[in-house]
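Here is the structure we will look at.
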Amino acid sequence: MPNNQDPRNIFINQRQQYTEPKTENEPPRYEEVKSKQTASNGQDDYNVKVEEMKRLAAKYEREGEGQLVKDIVANVIDQKARGKLSNDQLIAFAKRVSPLLNAEQRTRLNGLLEELLKL
């Protein structure tokens with residue numbers, strides 16, 4: 001998947017480099033599904049992205065919110081150091097995600113965003 005500046009994809013490099021032992025009940029990894037695709041139709045690409053999101057959700061369900069925050073901070077530091085992420089992109093990402101969260105989650109996101117903007 002090509003790298004782009006869309007703030008919704010700020011973690012794409014980390015997802016592509018991440019490897020984890022696969023269990024029997026775990027959905028297939030993005031790379032596995034993508035390599036099996038023969039047609040590049042939009043529905044297939046959507047299904048691949050859904051499977052990747054399920055895998056990431058399962059990963060952070062096991063590892064917890066603390067690990068998720070650590071991974072976000074590490075990725076933001078890396079992306080900013082390489083000039084591939086700006087504060088405006090972080091703000092835009094938070095605005096897109098915020099409506100999907102409850103009040104407590106929004107408060108935590110805003111606190112994290114304040115810290116990330118200082119980096």
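We number each residue from 1, following the sequence as shown.
- Put simply, the side chain of Glu114 never gets that close to the backbone of Gly111: no donor and acceptor are under 3.5 Å apart.
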* Asked: Stepwise, does the salt bridge (Lys or Arg N to Asp or Glu O under 4.0 Å) test hold for Glu52 with Lys49?
  -> CA-CA 5 Å; Glu52 174 66 5; Lys49 289 177 182 177; over 6 Å; no
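- Put simply, the residue from Leu101, Thr107, Leu109 that forms a side chain to side chain contact (heavy atoms under 4.5 Å, CB included) with Gln105 is Leu101.
- With rounding to the nearest 0.5 Å, the separation of CG in Leu85 from CG in Leu90 is 4.5 Å.
- Donor-acceptor pairing under 3.5 Å is lacking for the side chains of Asn47 and Glu51.
- Under the side chain to side chain contact (heavy atoms under 4.5 Å, CB included) criterion, Ile77 pairs with Val73, Leu119, sequence neighbours left out.
- For Glu61, there are no side chain to side chain contact (heavy atoms under 4.5 Å, CB included) partners at least two apart in sequence or on another chain.
- Remark: Glu115 pairs with no residue by the side chain to side chain donor-acceptor pair (under 3.5 Å) rule, at least two apart or across chains.
- Of the candidates Asn87, Asn75, Leu116, Lys80 forms a side chain to side chain contact (heavy atoms under 4.5 Å, CB included) with just one, namely Asn87.
- By the side chain to side chain contact (heavy atoms under 4.5 Å, CB included) test, Leu68 is found to be paired with Tyr60, Ile72, residues two or more places apart in sequence or in another chain being considered.
- Residues that satisfy the side chain to side chain contact (heavy atoms under 4.5 Å, CB included) test with Asn110, not counting sequence neighbours, are absent from this structure.
- Every residue meeting the salt bridge (charged side-chain N to carboxylate O under 4.0 Å, His left out) condition with Glu104, not counting sequence neighbours, appears here in chain and number order: Arg108.
- Glu65 contributes atom CD, which lies 12.0 Å from atom CD of Gln67 (distance to the nearest 0.5 angstrom).
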